[in-house]
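This report refers to the structure that appears directly beneath it.
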Protein chains: 2
Amino acid sequence: MRERSVTHSAATPGREITFQALADPTRRAVLDLLRRGSQPAGQIASAFPVSRPAISKHLRLLRRAHLVREHREGRHRVYQLNPEPLRAVDSWIEQYRVFWASSLNNLKAFVEAEHAREREAARKQRKKS
Amino acid sequence: MRERSVTHSAATPGREITFQALADPTRRAVLDLLRRGSQPAGQIASAFPVSRPAISKHLRLLRRAHLVREHREGRHRVYQLNPEPLRAVDSWIEQYRVFWASSLNNLKAFVEAEHAREREAARKQRKKS
DNA sequence: ATTTAATGTAACCGTATAGTTACGCATTAT
DNA sequence: ATAATGCGTAACTATACGGTTACATTAAAT
């Protein structure tokens, strides 16, 4: 069976774009800001030290990741948080939560020491042949 | 009080490097792989379609983010998962969990409609003066 | 009808990423 | 001693990113 490709849950369709969108601190800050309520683009931009076009591009990426929704309101472009895609991220992390939830970390260390011993044994074995 | 800079929890020291490390799907897949047990670098690399040096560089980033630990074992470099930094990511997402946990999303929509109405009122107001 | 306000986009720049091949250095095997 | 393994690093390339300034567009204000 040779573990060809593991479960590789890291590469779920949307997840990819989402993780990438979250990689930038400014973008995360924008989301944090939007958590307190929707705002027009300019107002968002004014909360950051970078230029407005820079924020505009960040918003484009956030849109592409469906982390925000936009709707026109007069000459304003109001941005609204859409936390839905974060569920995918959450569910990915979920798989790791058990590692820090209990003493599994120690257990893991033990299991690995075990593996190391096995490897060592295998090595000695090959030496003999 | 004018919400000068929000809480901006997006920019916590280590969090930055962690999010960045998770941005790449291959790196996340490496972590997924390591969840099943520690492995030497070469074995990790053999699980992916890219070259070994490519994985080596990914491992360097994961090391920098303290998401993996490395220890030499003979001529092998065994990599071990260290989920600890993921807690920071988890706690960031935590703040968003409430949004999909209940009907708060709808409530949010309502509040925003409210805001919109306020804005509209303010606009009409300014028009008068 | 003009002007002003609110945004997005284009063009450009510097730097980081992800990947490749070639090479160097230990450590184990022969 | 020499060969082979296992890895990391260097050098190089192509592409994406984040930022800036200049320009285009649409809607509101005068």
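- For the OP1/OP2 pair of C:dA18 and a distance below 4.0 Å, the side-chain nitrogens and oxygens of B:Arg27 include at least one atom meeting the criterion.
- Between B:His76 and the phosphate of D:dC7, there is a side-chain N or O to OP1/OP2 separation shorter than 4.0 Å.
- With rounding to whole Å, B:Gln43 atom CD is found 14 Å from D:dG8 atom P.
- Nearest to the side-chain atoms of B:Ser56 among the listed nucleotides C:dT28, D:dG8, C:dA6 stands D:dG8.
- Atom-to-atom distance recorded for B:Arg63:CZ and B:Ser56:OG is 6.5 Å, nearest 0.5 angstrom.
- Note that CG of A:Leu34 is 4.5 Å distant from CD1 of A:Ile44, once rounded to the nearest 0.5 Å.
- Atom CG in B:Leu22 sits about 14 Å away from atom P in C:dT17, given to the nearest Å.
- In terms of position along DNA chain C, the nucleotide closest to A:Arg60 lies nearer the 5' end than the nucleotide closest to the other residue of the pair A:Arg60 and B:Ala23.
- The only option from A:Leu81, A:Leu59, A:Leu62, A:Val30 that meets the side-chain contact (heavy atoms from CB on, under 4.5 Å) definition with A:Leu67 turns out to be A:Leu62.
- Rounded to an integer number of Å, the gap from CD of A:Glu16 to P of C:dT17 is 15 Å.
- Rounded to a whole Å, the CZ atom of A:Arg75 is 5 Å from the P atom of C:dA6.
- A donor-acceptor pair is defined here as one N or O able to donate and one able to accept, closer than 3.5 Å; such a pair exists between the side chain of B:Asn82 and the backbone of B:His66.
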Test log, rule salt bridge (charged side-chain N to carboxylate O under 4.0 Å, His left out), inputs A:Glu70 and A:Arg72: CA-CA 7 Å; A:Glu70 169 255 1; A:Arg72 288 145 219 238; 3.6 Å; yes

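- Put simply, CD on B:Glu73 is 14 Å from P on D:dG8, counting in whole angstrom units.
- Closest contact between the side chain of B:Ala41 and the listed nucleotides D:dG8, C:dT7, D:dA29 involves D:dG8.
- If you measure from atom CZ of B:Arg72 to atom C1' of D:dC7, you get 9 Å, rounded to the nearest angstrom.
- Annotation: side-chain contact (heavy atoms from CB on, under 4.5 Å) contacts of A:Leu61 (sequence neighbours excluded): A:Arg27, A:Arg64.
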Polar pairs (N or O, both sides) under 3.5 Å between protein and nucleotides 13-16 of chain D?
none

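- For A:Arg87, there are no salt bridge (charged side-chain N to carboxylate O under 4.0 Å, His left out) partners at least two apart in sequence or on another chain.
- Residues B:Tyr79 and B:Leu33 have side chains not in contact (no heavy-atom distance under 4.5 Å, counting atoms from C-beta outward).
- Residue B:Arg28 holds its CZ atom at 10.5 Å from CD1 of A:Ile93, rounded to the nearest 0.5 Å.
- Within residues 63-70 of chain B, no residue has any heavy atom closer than 4.0 Å to DNA chain C.
- Atoms CZ (B:Arg28) and P (C:dA18) sit 11 Å apart, rounded to a whole Å.
- To the nearest 0.5 Å, the span separating NE2 on B:His76 from OG on B:Ser38 amounts to 14.0 Å.
- Between the C1' atom of C:dA5 and the CZ atom of A:Arg77 lies a distance of 13 Å, rounded to the nearest Å.
- Taking only side-chain nitrogens and oxygens, A:Tyr79 never comes nearer than 4.0 Å to OP1 or OP2 of C:dA6.
- At distances below 3.5 Å, not a single donor-acceptor pair connects side-chain atoms of B:Tyr96 with backbone N or O atoms of A:Glu84.
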Protein-nucleic acid N or O pairs under 3.5 Å, nucleotides 19-22 of chain C:
unit_1 : atom_1 : unit_2  : atom_2 : d
C:dG19 : OP2    : B:His58 : NE2    : 2.5
C:dG19 : N7     : B:Lys57 : NZ     : 3.1
C:dG19 : O6     : B:Lys57 : NZ     : 2.7
C:dT20 : OP2    : B:Ser51 : N      : 2.8
C:dT20 : OP2    : B:Ser51 : OG     : 2.5

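- Remark: B:Asp90 pairs with A:Arg97, B:Arg97 by the salt bridge (charged side-chain N to carboxylate O under 4.0 Å, His left out) rule, at least two apart or across chains.
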